[in-house]
Each structure stands twice: as structure tokens, then as C-alpha cells.
Undergrad: 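Got a structure here, written out as C-alpha cells. Questions coming.
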There are 2 protein chains.
Amino acid sequence: MKRKITLKQIAKELDVSVSTVSKALSNSKEISEDTTQKIQAFAKLYNYKPNNIALSLKNRKTKTIGILIPEIVHHFFSTVIRGIERVANRRGYNVIVGLSNESFTKEIINMEMLASGSIDGFILSISKETLLKQDYHHFNATIDQGMPIVMFDRVVNEVDCDKVIVDDFNGAVKAVKKLVENDCKNIALITTMDYVSVGRLRTQGYLEALQSSGIEANSNLILKIDDSLDVENNLEVLETEIAHFFKSNQNIDAVFAVNELYAVSAMKVASKLGMRIPDDIQVIGFTDGVLSKHATPSLTTVSQHGQKIGEQSANLLIDRLEAEDVSTEQYFTNNEKKRDFIKMVIETEIIERESTK
Amino acid sequence: MKRKITLKQIAKELDVSVSTVSKALSNSKEISEDTTQKIQAFAKLYNYKPNNIALSLKNRKTKTIGILIPEIVHHFFSTVIRGIERVANRRGYNVIVGLSNESFTKEIINMEMLASGSIDGFILSISKETLLKQDYHHFNATIDQGMPIVMFDRVVNEVDCDKVIVDDFNGAVKAVKKLVENDCKNIALITTMDYVSVGRLRTQGYLEALQSSGIEANSNLILKIDDSLDVENNLEVLETEIAHFFKSNQNIDAVFAVNELYAVSAMKVASKLGMRIPDDIQVIGFTDGVLSKHATPSLTTVSQHGQKIGEQSANLLIDRLEAEDVSTEQYFTNNEKKRDFIKMVIETEIIERESTK
DNA sequence: TGTCAACACGAAAACGTTTTCGTTAAATAT
DNA sequence: ATATTTAACGAAAACGTTTTCGTGTTGACA
């Protein structure tokens, strides 16, 4: 077993100083051609790679970014990670992930753990519990310590930072308008409780689309699912609730659901109740995941472009990190203002499949 | 903006030495009660947290483990990550992820990037291209540099390290035997090309189960999908291939598929061809993901327990890392042998749903 | 009064880099 | 022959810790 070689060892072996080795490896012309050759050859032979930790300590930057998300076994979030990793890698950064598991406390612990030097900045999406508590001090605290944050999807006005969001409102509008165009008269909405902002925005989009189409909203056609109960593992509960909803509103001829699972469940229940899709009832869901693509019939969805969200988030963060470099450098000579915080909106797109006409 | 405070700053502010501060914060009894109190109060006030990077450099360990997987938008892999993150977090480790994207080169680049000090050990699953090339020198090289590796799922004999695998062979056997018990006479297999070991093992399990049940294997009933074509985005290709397969083998009364997608596609095609599930044809898939749960009808599957795989992998790795500590310490006084490499087999489980009787 | 522990603290090294600032010797200029 | 530049390299500081080893000041004790 040969441990990784260090500058010091090379220096000793070649009987030169550490500084000489360092300079030679960076092709400094302070060092003679001869010794440079010799040192580089030796380094290559022993496969020398500078120690990242030492570099991090010296440069006071780690070249890694921290991702903090509520859940990873989730198509949207993993797609975002993929996007982040792509540009992070391209731009020379590593990616370290923390999972809040939708818990306020775990979110804080994770942040503190990572903020103590391990990373240069955060990309995160707020946990449900934090949204409920409306306690955002930990975000502001880490920003205050000079660590930039980029929030995506689940964002919040109380924190001043770059944000990347999907256009939930207009996505919902588009979806519902498509149903209206398809001659649907009684469009139902299946949504979540209001505290998750994305759910609220999609609901508002639904209402807006109805209104601008001259259709009066009917609160009987809105089903709010309490997602404090873990529907993912309680499918029957969800399905019976939807079934009950359908039965007491026989006139429903379309469903817009704020996520994939609700939409697919609605289709399943509708089929069981003998309705044909899309002839008797059309369905559109938000979030374009595996379920939508492979359901029977396949589901028309509003795609959020998770990967793009990840890529933009990473670019925003890294841009800011590398802009900080020069601004710190020129802190006293150059009085340029810091870049203002950016709120980037990713447009949604409707992917038409078999569940609509 | 108040930057993070350091020992040196505390020392200066309180007019003591850095060593005193360090000792006081670790409750060393070398320091008097008074100064300890004073220092701890001050540290708490300014929310002092030791700098991880400095600690890593000093201790020559980073307390982070590197995950290197082919793909993250994938139910199985993200489940494994969740498992890893769980125990890593519990045991005080962070998790840094790299994505090989099934590419040999990206795998190597990622490994080298992480192996240069950023992590203490790897948990990884080999990329398809690497398996094809059968070139494993980068794994052996990093092991040789003293960095432990745990491989999961896609493992290989040529590398000596801890491994966590799912019992693909017996999982397949169980599945096929269940079909046999359910009175199926002509059980088809939908599988991949052979170079991914898990596909091969599942195929062998299929054959074994048939043989031990006294059924003669019929090569016409085996469909091999060329997964070099990206079926995920070419569903039609997959489906027409399966349709063709069904039409030329009208007697098929059951399908065992080596993954979820193939199984769900088979169900879809079967339905289109007018077969009823599970009455005319029963289906079992490998890998228990979202698709299986939410398909109509829902799919009976062989569950791989991805989270458990992740947890075990992390425990194996961390155990080894922390065992190394003492063995290094007592290197000369204690001649204990290193722990042998462990191959841990996670049993599969059949999750019965609507696609079987 | 002189000796010796005990106590409380500081100096310095070490982890592996990079970079600034010498320093020496040779080469060139005066 | 002397002064000055240039080439080639080394010493040391710095990043933020922890830890080992001093060191000075007490108080007790003979």
C-alpha cells in the first residue's frame, strides 16, 4: 500500500525545498528548466495530486457546494440534483448532499454541519415543517455568515437570496385552459393543504384560469388532501377519498391535480368507477415523472424541467461565489455594488399524452 | 455580515493564547475554572464552531464518504443513497455524491477528484461501460492508496473490497417458482444483455427455477432487450418488441421481467392485446419502485430493499474506517490481522400485488 | 529559607499547500 | 575591478486546529 505522496516527500527525495517543488509543478519560470523537468517527471511517476483539504484551508474555499433537500427518493428532487451535479462538475465543483427528511430540526443540524467550513454555498429547498413553522432564522444566519444560498422550488420571501422557481401559477393556468379548450365544463382540482407555497400557487392558477374563461369556480369541485398523512404508504386512503369525491360530484369531466400521484390515483379511481379516459374524463397532473410516462393511459402533465432548475441554481451559486472572489480582492479600491438577488423563473411545458383529448 | 470566528480571534479578544482557548473549549482540566467559563461563554456568544477543513487537515480524515453511482434519477439508486445518508448522518459523516452517468471516463475522473483528500472512503456501483470494458484498475489503484471501497449491487470479483449485493439469483428463483405454483406453464423472461451481472444472475435464477420445477426452458420464451438503445426515451420500440414477442408466442401465460420497466411495459402490451391480468397472464418484475406500486394493475415484484443496502454499505465502510484508526495506532505493538473483506447478501422479498393470482 | 509539586498557561510543531520575500551566485554593465 | 542586474532557489508565513512540551508562579513542606 503506497499512501498518497506529498510535496514534502518529493522535496526530500529530490533534495530540493518544498517551495521549489510547488513552483516547478505550477510551471513557474522561477525554476530552471532542468529541475522543473526532473520534478514533474518524479511527480508524474508517483502520481502526485495536490491534497484538496490543504488547498481548501489555504484558499478558504472548498470548491464544493451543499445541497439540502427534503427527500431524495423523489423524481423531481433527484432530477434537480442531476442538473446541479452536471454544471458543478463542469465548473470544477463537488456536490455534498444533506437530507432534511421534511424535518425542521434535521434541516438545521445539516446546515450547521455543512456550514462549518465544508462547503462554499448552499442550494436548498425548504422542508415542509420549516414552512409550517415559518421559522427561517437558520437561513438568514448562514447568509449572514457570508455563505450564499440559492433556493429552488420551495422558496420564501422572508429570506434574501437567489431563487429559482418554476412558474407554478402559469403552469396551472395553462393546464386548466387546455382542459377548457377541450370542452370540459366541470373541472375538478385535487390539491394539498395550503402551506406549501407551490400547492397554493397551483391552486391560484386553477382559479385564475377558470375565471378568465368565464367559468365560475365551485368549491365542491376542489378536493384538498391532508398530506400530513403519508399517502405514499396509504394509497387506499387517498383512493377512497377520491372515489368519494367523484361519487358526490358526478358531473366532473376533467381533473387537474397538483402532483403526479394524485393525478394517477384519480385515473385509477375513475377507471374503477367505469369512466373512460379521456372520453368521459380528462386528467392533467403537475410534475412530469416516471409515473406519468408509464401509467395506463399515460398522463398529460405540466413538466417542471427539474434538471434545468438544478443547472440554473448551480450556475447562479457558482457565479456568485466566483464574483465574490474579485469583489473581496478589490474591496477597497473598487466600490462596485454587489449583484442584486435574482429570482429566476423556469417556464413550464405541457407534455400531452393519452389522458387528454 | 459577521464572518465565522476562529480560535485565534477568541484568543486575541480574551487576551489568552490559542492553546488555552482550544483546551478550555474541550473542557481540559489544565485550564482554570474561571477562564474556562469565560472562554466558553464568549465562544457560545459568537457561535463558535470549529472549522471542519482545519480539523480534516489535522486529523487526516474528512468524516465524509463518497458515493459514486451511475445515475441518480433512478428509484433504486436514490433509495440506496437515502440509506447511506441515514447511517452516515447518525455516525457523524457527510456524504458527497458523484455521478458516472454510466461512463467509464467520468467514473475515473470523479474518483480521482474525490480521492485527493476530499473523502475517507467510497461506496460505489460500477458503471455499465466499465463493466463492458472490464477495466478495474482505478478501483484497485485507490484501494492501494489506502482508501477503502464498498461496492454494492453491481460488483465484480476482480476487486478486493467489501461488497453488498442483493440476492439476484434467489430473488429470480423465488419469483419464477411463485409463478409455477400459480399454475403457469409457459413462463417468459424479459431480460437485458448479459454484461451487467445482475441481469445475468436473474436470468440464471429463472433457468434454475424452471429446471428444479421440471419445466424445460424454451429459448423462444426469452426476450433479450438491447439496452444500449435508450428505452426509457424510446418506449415504443420496447413495446413493439414485446408485442411482437407475445404474438409469436401465444401460449405465454406468465412473464418474469428483470426490471420494473420491462414488467410494466409487458403488462401494458398484454392489455392492449386483449389479455387480462392476472387471469390470462401473470407478471412479476424485479425492483420494487414507484411504477410497480402505482401501475394498473399494480405489479407483483421482487423487492431489493435498496435502503437496507445503503445502510449496510455505510456501516461496513465506517466500521472499516474506524477500525483502521486503532490498527494504525497500535501498528507496531499489536499485530492483529486486518478484517477480511465481507460480502454481504441482502435477501429479496416478494411483494404481492394485483398482477399475480 | 530553600525545595518540590501542583497549577495555569503559552510556545511551537504538525497537517499540506501557495506565495512573498529574501539570499546567493553568476552574469552583465560601468 | 567594482557595481548592478538576473537567475535559481530556500525560508517562512499563512490557512485553523490539536497536542506535546515547556515555563513561570504559587503554595506547602522540611
Side-chain angles (χ1 to χ4, degrees), chain A residues 3-40 42-43 46-64 115-120 145-146 325 328-329, chain B residues 3-40 42-43 46-64 115-120 145-146 325 328-329:
Chain A
R3 289 219 93 91
K4 300 222 67 178
I5 198 171
T6 71
L7 284 191
K8 199 193 280 191
Q9 293 170 40
I10 298 185
K12 193 173 183 182
E13 214 67 33
L14 262 46
D15 212 47
V16 291
S17 79
V18 175
S19 1
T20 304
V21 179
S22 174
K23 289 170 189 164
L25 290 178
S26 57
N27 281 311
S28 159
K29 46 184 198 166
E30 249 182 279
I31 308 299
S32 75
E33 189 96 3
D34 278 7
T35 41
T36 301
Q37 289 281 334
K38 190 177 57 177
I39 293 177
Q40 291 194 350
F42 191 90
Y46 283 89
N47 192 30
Y48 171 78
K49 293 266 162 44
N51 181 307
N52 282 333
I53 296 294
L55 285 180
S56 297
L57 184 59
K58 177 128 237 307
N59 302 329
R60 293 144 129 247
K61 63 182 58 141
T62 61
K63 287 275 190 175
T64 84
S116 316
S118 308
I119 62 167
D120 296 338
Q145 297 196 345
D325 277 4
T328 308
E329 216 170 77
Chain B
R3 289 221 91 91
K4 301 222 66 178
I5 197 170
T6 70
L7 284 191
K8 198 193 281 191
Q9 293 170 38
I10 299 183
K12 192 174 184 181
E13 214 66 35
L14 261 45
D15 212 45
V16 291
S17 79
V18 176
S19 2
T20 305
V21 179
S22 175
K23 289 170 188 164
L25 291 178
S26 57
N27 282 311
S28 158
K29 48 187 197 162
E30 248 181 280
I31 308 299
S32 76
E33 189 97 4
D34 278 7
T35 40
T36 301
Q37 289 280 333
K38 191 176 58 176
I39 292 177
Q40 291 194 351
F42 191 90
Y46 283 89
N47 193 29
Y48 170 78
K49 293 267 162 43
N51 181 308
N52 281 334
I53 296 294
L55 284 179
S56 297
L57 185 59
K58 177 133 238 307
N59 302 330
R60 294 144 131 251
K61 65 182 55 144
T62 61
K63 287 272 189 179
T64 82
S116 317
S118 307
I119 62 167
D120 295 339
Q145 298 197 343
D325 277 4
T328 308
E329 218 171 76

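All values derive from a computational prediction rather than experimental measurement. Proteins get letters first, then strands, A, B, ... in listed order; numbering begins at 1 in each.
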Undergrad: Any sub-3.5 Å donor-acceptor pair from B:D120's side-chain atoms to B:K61's backbone N or O?
TA: no

Undergrad: Nearest-Å distance, CD1 (B:I53) to P (C:dT17)?
TA: 14 Å

Undergrad: Rounded to the nearest angstrom, tell me the gap between atom NZ in A:K4 and atom C1' in C:dT17.
TA: 14 Å

Undergrad: Whole angstrom is fine here: how far is it from CD1 in B:I31 over to C1' in C:dA11?
TA: 13 Å

Undergrad: Under 4.0 Å between a side-chain N or O of B:S32 and OP1 or OP2 of C:dC7?
TA: no

Undergrad: Shortest non-hydrogen contact from A:I5 to A:F42?
TA: CD1-CE2, 4.0 Å

Undergrad: Does the side chain of A:R60 get closer than 4.0 angstrom to OP1 or OP2 of D:dA14 through an N or O atom?
TA: no

Undergrad: Between B:V21 and A:K8, which has a closest nucleotide on DNA chain C that is more 5'?
TA: B:V21

Undergrad: Could you pull out every donor-acceptor pair under 3.5 Å between side chains of residues 49-58 of chain B and any protein atom, sequence neighbours left out?
TA:
| from | atom 1 | to | atom 2 | distance (Å) |
| --- | --- | --- | --- | --- |
| B:K49 | NZ | B:N47 | OD1 | 3.3 |
| B:N51 | OD1 | B:I53 | N | 2.7 |
| B:N51 | OD1 | B:A54 | N | 3.0 |
| B:N52 | ND2 | A:M113 | O | 3.1 |
| B:N52 | ND2 | A:S116 | O | 3.1 |
| B:N52 | ND2 | A:S118 | OG | 2.9 |
| B:S56 | OG | B:N52 | O | 2.9 |

Undergrad: Could you check how far CG of A:L14 sits from P of D:dA8, rounded to whole Å?
TA: 17 Å

Undergrad: Indicate for each nucleotide in nucleotides 18-25 of chain C, in 5' to 3' sequence, whether protein heavy atoms under 4.0 Å reach the base (B), only the sugar-phosphate (S), or nothing (-).
TA: BBBB----

Undergrad: Given atom CD of B:Q37 and atom P of C:dA8, what is their separation to the nearest angstrom?
TA: 14 Å

Undergrad: How long is the line joining CD of B:Q9 and C1' of D:dC15, in whole Å?
TA: 12 Å

Undergrad: Would you tell me whether A:S28 and A:S26 have side-chain atoms, one donor and one acceptor, within less than 3.5 Å of each other?
TA: no

Undergrad: With a 3.5 Å distance limit and no angle check, can you tell me whether B:Q40 reaches the backbone of B:A24 through a side-chain donor-acceptor pair?
TA: yes

Undergrad: Does C:dC15 have OP1 or OP2 sitting under 4.0 Å from an N or O in the side chain of B:S56?
TA: no

Undergrad: Would you work out how much the helix from C:dT1-D:dA30 to C:dT30-D:dA1 bends between its ends, with each end axis defined by five base pairs, to 10 degrees?
TA: 80°

Undergrad: Looking at every heavy atom in both B:K4 and B:Q9, which two are closest together, and how far apart are they?
TA: O-NE2, 4.1 Å

Undergrad: Between atom CZ in B:R3 and atom P in D:dC15, what is the gap in whole Å?
TA: 13 Å

Undergrad: Could you tell me whether the side chain of B:T20 and the main chain of B:V16 form a donor-acceptor pair under 3.5 Å?
TA: no

Undergrad: If you count every heavy atom of other residues, nucleotides or ligands that lies below 6.0 Å from B:N27 atom CG, does the total exceed 12?
TA: yes

Undergrad: CD1 of B:I39 versus P of D:dT17: gap in Å, rounded?
TA: 14 Å

Undergrad: Would you say B:I10 and B:Y46 make side-chain contact, with heavy atoms under 4.5 Å?
TA: no

